[in-house]
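Right, one structure below, let's go through it.
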Amino acid sequence: MTPVDLRSDTVTQPTPAMRAAMAAAPLGDDVFADDPSVNALQDKIAQMLGFEAALFVPTGTQSNLCAILSHCQRGDEYIVGQMQHCYRWEGGGAAVFGSVQPQPLNHASNGSLPLADIEAAIKPDDAHFARTKLLALENTLGGKLIPFAYVQEATDLARRKGLARHLDGARLFNAAVAQAAQTGADARAEARRIAQCFDSVSVCFSKGLGAPVGSALCGSQEFIARAHRIRKMAGGGMRQAGVLAAAASHALDHHIDRLADDHALARRLADGLAGLDGVQVEPPHTNIVFVDLTAGARDKSAGLLPALAAQGIQATGLYRLRFVTHLDVDAAGVDRAVAAIRHYFGT
Ligand SMILES: *Cc1c(COP(=O)(O)O)cnc(C)c1O
């Protein structure tokens, strides 16, 4: 029985074509800046998103750290959402390594940070306060596409107030594909439109794009030069990294439009569970489906993941389960997951 791993879109294995691209990649030493495959990837993603420069980094966490520490000095602060990765899920790195204070805000139900809350959180220039320097947003956020009109308004507000603007776009291309489905435009054009609202953007290649490792941070030449120094301090200067960059390049060439398949599979999973007694399903915008167990079904929660695992189906969560679709799951796998969950709840 083929396993159905819905824990995350990070679990994908490189495809045979991606492995071939990796094997064929010309290599140098990226610390000497002469790995042609890394340089080509950096040029490609910078150009795609409309920035002067880009930096290949091992992880999205390091990319966000490099970004925050390049925008902010010790004693500065960044405005961020409670549920954003670069506040909640990165070990407090900006505070630990950079002495940069986060100012977390609560999200509205659509994932946005209310403009009035952003404005109220910007501190006056006064010795009592940390200096507010940066607004960090995330798109998609927990699989939610943040409305483009809001992205424009929030980043305009930040610009007017003199703040730098960073996008954690780990899943920017999922957002772009979902946005393109609404506007009818090309996904690359939507990715660029979103990215251009920001001074810096971080993109993960190792999530839905299906590469084994790597992220890129994009920004101005001057910003990337600062980020490059921080990457070095963080131990992120890699040598024959072109073998990884080639996988990321291949993903940009071949795996963007297919994200629509992942989104369709997420809807298939959500539709399959709709109306099931004991669960409440949030209709997914992209490739992440959250399923909440209703109060009456919570006594069944502890047994659910083991029951699924016994059938080769993996997910995460307890009362709020998370299922993520990706390159290595298909409709048959999603249907098996739906059937197993339905069976567990006795229908
Ligand atoms: C996964 C993720 C990251 C971090 O990526 P890693 O490569 O796991 O460090 C950052 N931001 C968001 C929104 C993510 O989903």
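In each ligand, atom 1 is the first atom listed, and ligand 1 is the first ligand listed.
Relative to the ring axis of Tyr78, Lys133 does not place its NZ or CZ within 45° and under 6.0 Å from the centre. With Phe198 as the aromatic partner, Arg165 does not meet the cation-pi criteria of under 6.0 angstrom to the ring centre and within 45 degrees of the ring axis.
Listed by chain and number, residues touching ligand 1 at under 4.0 Å (heavy atoms only) are Thr59, Gly60, Thr61, Asn64, His85, Glu90, Glu138, Asp168, Ala170, Arg171, Cys204, Lys207.
Ring orientation note: the planes of His255 and His250 are nearly perpendicular, at an angle over 60° on the 30°/60° scale.
At a threshold of 4.5 Å between non-hydrogen side-chain atoms, the residues Thr15 and Arg19 do not count as touching.
The backbone N or O of Thr2 lies less than 3.5 Å from a partner atom in the side chain of Arg336, making a donor-acceptor pair.
Here Lys207 does not pair with Asp9 in a salt bridge; the nearest charged N to carboxylate O distance is not below 4.0 Å.
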